[in-house]
2 protein chains.
Amino acid sequence: MRILLVEDEPEMAGALSGALKGYDMVVDHVLTLAQAEEAISADVHRAVLLDRQLPDGDGLGLIPKLRARADGIPIIVLTARGELADRIAGLDHGADDYLAKPFAVEELLARLRAVLRRPAGLQCDLLRVGRLAFDCAHREASVEGRTLELPRRELLVLETLLRRMGRTVLRSSLEEAVYNFDDEIQSNALDTHVSRLRRKLAEVQAGVEIHGIRGVGYLLKQAQ
Amino acid sequence: MRILLVEDEPEMAGALSGALKGYDMVVDHVLTLAQAEEAISADVHRAVLLDRQLPDGDGLGLIPKLRARADGIPIIVLTARGELADRIAGLDHGADDYLAKPFAVEELLARLRAVLRRPAGLQCDLLRVGRLAFDCAHREASVEGRTLELPRRELLVLETLLRRMGRTVLRSSLEEAVYNFDDEIQSNALDTHVSRLRRKLAEVQAGVEIHGIRGVGYLLKQAQ
DNA sequence: GACCGTACATTGCGGCTGCATTGCGGAGCG
DNA sequence: CGCTCCGCAATGCAGCCGCAATGTACGGTC
């Protein structure tokens, strides 16, 4: 675990470095905002401990630049200015946490652990075929990031076919997926939905084909 | 933005509920760990405010169960036990932040904003579509620097749509985001809010359109 | 290979459902 | 006591969806 410490006071920096090393962390210590920017560009740190009062400006100024990298690196601001307004300002500038000096090193370590524990990223289940993507959680289809506005029945058909993509879906299975017990279908309503869906997928060049299999059902596969 | 508040002291709970509502949030308030578990299973909250001293045990016991869900929902622990060891214990149990009573509500709100920003890092603090800007930290919408004064429900609708801008939001998701368990909606109240919001966005030429997708939900996109 | 029956594909049409909009009254708040 | 916000209900309307008619492809049979 490699940490970037931005702190110009030698005494504080020494104490923190020692404590962090005692917890098996690797500390890069810089004294100024300029050095901090250079260090962070190496992209090797898992967190930043940031003092506010630095020789070349307020540490808060660094936060937007860190956030611009969009890697979500945690930032804990350390400062002698512990007034309520300062704490709120620090948090609202984008810091993940804010500690007023003096503080116990143990608390800093605990907050550091808390901030590092955050999930790396939530993985949503996303089905992909051709240029088509289907977000199962939100039940929406998209092509190249552009959402397809599909009516309910067509969406149900597409979802069912996608979940069994590349394999045949019995006509009866499709009907069960699209209609409930109350709905009584006496015609080829399902076929019309498939047809309309095919047209829309073709219009946006989704890169998928829905094959009808005579006497059995349907099958969705990548084009060609 | 919907928050789960786990707090058995009526006074504290009332104060927090009021403050959060003042910041246009939807609050579900429960009194016990058991109720909290049930509420969280609905999977509609963006954050949890957790008291430690509860009728059926220490609030910290809830944290592992929340973490087991692996959705990374932020947890802020609130407690009268403000000793250093307690704070460290709280953070190491998996809390994202820890506040000792008494605390200023403003600081809680700031810390809440900070932890809510997190799954972000990817999602910036300022959302933009068309001429519309939305400041996630302060939860206010503006057009060309001019703030839109929107009522609570409309703001919640707008925020929810903006967070999934360009993608469909299920009608049920919207309802969950805008109303809490206590609210009982029997009519098309949601539609009226969408409608009024549309009108206001059009009046200021926000450059966004809210599409209704029949039978599915809504979708916010840039005009044209 | 020609023929025919059947199942699927496609398209137009009308009913109906579900959404959009508006006015109204009550509730909350200052 | 004024205000605004909010839920509710009524009305109008658009688009979905089921239906049926027509066209088409497939497969089986001779």
Side-chain angles (χ1 to χ4, degrees), chain A residues 141 148-161 168-203 208-220, chain B residues 14-15 17-27 141 147-159 161 168-175 177-203 208-220:
Chain A
L148 294 185
E149 298 183 28
L150 296 175
R152 197 167 99 261
R153 298 250 120 110
E154 292 172 34
L155 196 64
L156 285 166
V157 169
L158 179 60
E159 179 182 13
T160 307
L161 292 175
T168 57
V169 179
L170 296 181
R171 187 181 187 81
S172 58
S173 301
L174 250 189
E175 284 172 352
E176 287 171 6
V178 174
Y179 297 99
N180 63 25
F181 301 118
D182 301 333
D183 297 326
E184 289 191 16
I185 303 306
Q186 301 169 341
S187 73
N188 63 345
L190 184 62
D191 303 60
T192 73
H193 291 302
V194 171
S195 174
R196 289 195 261 255
L197 182 56
R198 269 200 268 242
R199 167 194 291 266
K200 284 172 188 168
L201 291 177
E203 276 174 358
V208 299
E209 292 171 353
I210 298 179
H211 290 264
I213 300 177
R214 191 183 179 87
V216 183
Y218 289 92
L219 179 150
L220 183 146
Chain B
S17 282
L20 292 169
K21 279 185 74 174
Y23 276 82
D24 293 331
M25 293 183 172
V26 177
V27 180
T147 296
L148 290 184
E149 295 184 17
L150 295 174
R152 204 167 71 99
R153 301 284 197 216
E154 292 173 34
L155 188 67
L156 286 164
V157 168
L158 179 60
E159 178 186 15
L161 292 175
T168 56
V169 179
L170 297 182
R171 187 182 187 80
S172 57
S173 301
L174 250 190
E175 284 171 354
V178 174
Y179 297 98
N180 67 23
F181 297 127
D182 298 333
D183 296 327
E184 289 189 19
I185 302 306
Q186 302 169 339
S187 73
N188 61 346
L190 184 62
D191 304 61
T192 72
H193 291 302
V194 171
S195 176
R196 290 196 261 255
L197 181 57
R198 269 200 267 241
R199 167 194 291 266
K200 284 171 189 168
L201 291 176
E203 276 173 358
V208 299
E209 292 172 352
I210 299 178
H211 287 261
I213 302 177
R214 191 185 180 85
V216 181
Y218 290 92
L219 180 152
L220 183 146

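Proteins get letters first, then strands, A, B, ... in listed order; numbering begins at 1 in each.
- Between B:S195 and the phosphate of C:dT21, there is a side-chain N or O to OP1/OP2 separation shorter than 4.0 Å.
- A salt bridge is absent between A:D191 and A:R198: the closest approach of a Lys/Arg side-chain nitrogen to an acidic carboxylate oxygen does not fall below 4.0 angstrom.
- In terms of heavy atoms, A:E175 sits closest to A:L190 at CG-CD2, 3.6 Å.
- Taking atom NZ of residue B:K200 and atom C1' of nucleotide C:dA20, one finds them 16 Å apart after rounding to whole Å.
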Using atom names, set out every protein N or O paired with an N or O of nucleotides 3-7 of chain C below 3.5 Å, distance rounded to 0.1 Å.
unit_1 : atom_1 : unit_2 : atom_2 : d
C:dT6  : O2     : A:R214 : NH2    : 2.2
C:dA7  : O4'    : A:R214 : NH2    : 3.3

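- As rounded to whole Å, 11 Å separates atom P of C:dT21 from atom CG of B:L197.
- Counting to the nearest Å, the P atom of D:dC17 and the CD atom of A:E154 are 7 Å from each other.
- In this structure, B:N180 contributes its side chain and B:V26 its backbone to no donor-acceptor pair below 3.5 Å.
- Distance CD1 (A:I210) to P (C:dC8): 15 Å, rounded to an integer number of Å.
- Using a 4.0 Å cut-off, no side-chain N or O of B:Y218 falls inside it from OP1 or OP2 of C:dG18.
- Candidate nucleotides C:dA9, D:dG7, C:dT21 were compared by shortest atom distance to the side chain of B:A189, and D:dG7 ranks first.
- Checking B:T168, B:I213, B:L174 one by one against B:Y218, the side chain to side chain contact (heavy atoms under 4.5 Å, CB included) holds for a single residue, B:L174.
- Out of D:dG7, C:dC8, C:dT11, the shortest distance to the side chain of B:H193 is found at D:dG7.
- Phosphate proximity of C:dT11 to A:R199: present, with a side-chain N or O under 4.0 Å from OP1 or OP2.
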Short heteroatom pairs, N/O only, protein and nucleotides 25-30 of chain C, under 3.5 Å:
none

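- In this structure, the side chains of A:V157 and A:L150 stay at 4.5 Å or more apart for every pair of heavy atoms.
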I'd like to know whether A:L161 forms a side-chain contact (heavy atoms from CB on, under 4.5 Å) with A:V208, so could you lay out the CA-CA distance, the side-chain angles of the two residues, the decisive distance to 0.1 Å, and finally the verdict. CA-CA 11 Å; A:L161 292 175; A:V208 299; over 6 Å; no
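- Distance, B:L150 CG to D:dT4 P: 15 Å, rounded to whole Å.
- Residues B:I210 and B:L219 form no side-chain contact, since every pair of their non-hydrogen atoms from C-beta on lies 4.5 Å or further apart.
- Taking both residues in full, the closest heavy atoms of B:K200 and B:E154 are given as NZ-OE1, 2.9 Å, listed atom of the first, atom of the second, then distance.
- B:R196 comes within 4.0 angstrom of a nucleotide base, judged by non-hydrogen atoms across all strands.
- As judged by a 4.0 angstrom heavy-atom cut-off over every strand, B:Q186 is placed among residues touching the sugar-phosphate backbone only.
- Per the geometry, CG belonging to A:D191 stands 12 Å off P belonging to D:dG18, to the nearest Å.
- Straight-line distance from the CG atom of A:N188 to the C1' atom of D:dA21: 10 Å, rounded to whole Å.
- At least one side-chain nitrogen or oxygen of A:R153 sits closer than 4.0 Å to the OP1 or OP2 atom of D:dG18.
- Using modelled atom types, one side-chain atom of A:T192 and one backbone atom of A:A189 make a donor-acceptor pair closer than 3.5 Å.
- Between the P atom of D:dG15 and the CG atom of A:L155 lies a distance of 18 Å, rounded to the nearest Å.
- In this model, the phosphate group of D:dG7 is approached by a side-chain N or O of B:Y179 to a distance below 4.0 Å at OP1 or OP2.
- More than 12 non-hydrogen atoms from other residues, nucleotides or ligands lie less than 6.0 angstrom from CD of A:E203.
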